[in-house]
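The structure appears below as structure tokens.
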Amino acid sequence: MTAMAAAARRWRVARISARYEVSQPGRVTGVAVQLALQIFLMWCLWRALYAVSPTNSGLSEAQALAYAVLGVLYTRLRGPDRSIAEDTVAQHVREGRISYWFLRPLEPRHYHRLRAIGDQAYGFAWAVGGYLVCLLVGLVQKPVSATALWVFLVSLLLGQVVLYHLLAITDVATFWLVDNTGVIGIIAFAQSLFAGAIAPLWFFPGWFQTLSSWLPFQSSFHIPVSIYVGRIPAGSAARDLVVQLLWCLLLSLVLRWLWGRAGRRVIVQGG
Amino acid sequence: MNNPAIEARGLKKVFTPAIRQPGFKGTVRSLIAPEHAEIVAVADVSFTVAEGELIALLGPNGAGKSTTIKILSGILTPTAGEVRIAGRIPYQDRIANAHNIGAVFGQRTQLWWDLPARESFAVLRDIFKTSLADHARRLDELDGLLELSSFWDRSPRHMSLGQRVRADLAAALLHDPPIVFLDEPTIGMDAVVKEQVREFLRFQVAERGRTIVLTTHDMSEVSRLAERVVLINHGRVVYDGGLVELQQDYGSGWQIRVVVDDDAALRDVPGFLAKEGAALVFGGDDPGEQRRLVRLLTELDVVRNLEVRSDDLEDIMATVYQRRAVPVAR
Ligand SMILES: Nc1ncnc2c1ncn2[C@@H]1O[C@H](COP(=O)(O)OP(=O)(O)O)[C@@H](O)[C@H]1O
Ligand SMILES: [Mg+2]
């Protein structure tokens, strides 16, 4: 009973950003239209590319199309745009409203985590919906095998955890980067690029793929989606799953450390 | 006697912001060997506030009022000194302390910008783990005092400033904190809402027994709400005591100008200073004497015109800031 009540309380905090969006039907429609348009254009683009030139990416046309379309859905995992509601960490720090976070019987980092999980879950629901539609109309192929599906699901879960930490780290970093929205934009772009969401990483030159393999971003998308389309065979994905797991651990340590510093910055330097 | 609600002893806060030189070189240098400025926001502040007392924390811009409030509410750790809020050290025991305090930092809302205020209240209820029944009862009372229901289905984005501040006051009090910090809550509001907020604060102190620390630049607000004021300047307490005593000690006194048909009898009344044109001018320092004179004059038939002038609180403040370089012991 009390556990239920506690869960209900967390749920109502977690859903705040989603409420911003669903309470404005215009925004929901806008997001849906934009997503559909992006998916369609991406699909057209990769169809056209495969029509003109053969590639040595190791991806068949169907694989590349699925990868690219899912990449568009991946961008939705960031959740609703909070900046419209003046509710990003950077905005709270800049306006001095972050003080209120320190006056509640809920640690700022726990509050932030609840909100971030809520945002991501909401984005995930959109991505799943979009995926099912794409599957139905044939823009995305089915998983190559039952094994691939299961390994993919595990990898997807790990990828979500990695993504959560990446987004949270970027968010907390804005305690220091407050006056630099440009930097935040560049980081967001780099995240998507190295994750493979802008174009499948298999098409990039070798040095780029090497660089990317040393970064955490591809764990959030490239690895699971490659397992899904069969470019990474499910049987030999163990190493990739371990890499994802390691990133989960490492990034959670980084996030902890950053929150410690951010908290100290507020209580010592006043935000 | 009970423990005081608020106890601040020897508070000091030094900020050390990094100095960033302009340009690329400056950015690089600030990364390699950052330079820090030293800003003493609060130099030495001590005072106590009893349970159920409202004090006004006053001082010119940059005096250190907001910094003091942030230390008292546990957001900032002091560089030196000690604070107890209802017996707890606020910046060490933040979670437990949260239930004891509420705060409004003027013009900065803690409500979620695009949620209807009532939903923000519900989120705060969940964060503070208030029971549904308590929440409903408190919200009902706050609605009665602040007339929230006419606009609480709106989001702060679509509220007027006055509505937003009222919603924020409600948000700060929903968890029923015995101690409330208000940093310029009424700044920029129109007179009607200001009066409503004053009435609200009076009620919270008189009927609910809350302890309130209020900073404001509105001296009429101070004179109507606070019996005791703490003045700080350059991070130090320069006056701590009654408002009436402050006016007595630092005011240049009272003055009465009166025009009468026949002034012969009045020239012997104590306090007479001079005759200026048709008017007799009286003055002095003792407010009791002033009251006696006003009573006397209003009973006379010969009075044609009567002007009573006391010092503006603002003038008094200015005098205090100038004269008091050293803090007072209380
Ligand atoms: N976070 C901060 N970093 C650096 N300096 C600060 C910070 N906060 C306040 N100050 C400085 O400390 C002094 C006192 O500020 P404050 O407490 O806001 O004064 P008041 O509220 O009385 O106007 C000011 O000179 C202000 O510029
Ligand atoms: Mg201030």
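So that the names make sense, note that chain A is the first sequence line, chain B the second, and so on, each numbered from 1.
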Contact winner vs chain B - A/Arg19, A/Arg104, A/Arg97, heavy-atom pairs under 4.5 Å: A/Arg104

Counting only heavy atoms closer than 4.5 Å, note whether B/Thr16 contacts chain A via side chain, backbone, both or neither. both

Can you confirm whether A/Val266 sits close enough to B/Lys70 that some side-chain heavy atom of one is under 4.5 Å from a side-chain heavy atom of the other? no

Can you confirm whether more than 12 heavy atoms, excluding those of B/Arg9, are under 6.0 Å from its CZ atom? no

When rounded to the nearest 0.5 Å, the distance separating CZ of A/Arg10 from CG of B/Asp126 is 11.0 Å

Side chain, backbone, both or neither: which part of B/Glu119 has a heavy atom under 4.5 Å from chain A? side chain

For B/Phe128, is it the side chain, the backbone, both, or neither that has a heavy atom closer than 4.5 Å to a heavy atom of chain A? both

Between B/Arg108 (side chain) and A/Glu95 (backbone), is there a donor-acceptor pair under 3.5 Å? yes

Residue, of A/Leu114, A/Val13, A/Ile16, that accumulates the most heavy atom pairs under 4.5 Å with chain B: A/Ile16

When every non-hydrogen atom of A/Ser99 is compared with those of B/Ile75, the smallest separation belongs to CB-CD1, 3.6 Å

At their closest point, which heavy atom of B/Asp114 faces which heavy atom of A/Tyr20, and how far apart are they? CB-CD2, 3.5 Å

Take a 6.0 Å sphere around CZ of A/Arg12 and say whether it holds more than 12 heavy atoms from other residues, nucleotides or ligands. yes

Between A/Ile84 and B/Trp113 the two heavy atoms that sit nearest each other are O-CD1, 4.5 Å

Using heavy-atom distances under 4.5 Å, tell me whether B/Lys129 contacts chain A through its side chain, its backbone, both, or neither. both

Would the number of heavy atoms belonging to other residues, nucleotides or ligands and lying under 6.0 Å from NE2 of B/His234 be above 12? no

Does CZ in A/Arg256 sit with more than 12 non-hydrogen atoms of other residues, nucleotides or ligands closer than 6.0 Å? no

Counting neighbours of CZ on A/Phe208 that are heavy atoms of other residues, nucleotides or ligands and sit closer than 6.0 Å, is the number greater than 12? yes

When only pairs under 4.5 Å are counted, which of A/Tyr111, A/Tyr100, A/Phe102, A/Trp101 shares the most heavy-atom pairs with chain B? A/Tyr100

From A/Leu103 atom CG to B/Phe105 atom CZ, the distance as rounded to the nearest 0.5 Å: 5.5 Å

Sub-4.5 Å side-chain heavy-atom contact between A/Asp87 and B/Trp112: yes

Pick one of side chain, backbone, both or neither for B/Ile71, based on which atoms fall under 4.5 Å of a heavy atom in chain A. neither

Closest heavy-atom pair and its distance - B/Ala98, A/Pro105: CB-N, 3.5 Å

Between B/Ala103, B/Gly74, B/Ser120, B/Pro156, which has the largest tally of heavy atom pairs under 4.5 Å with chain A? B/Ala103

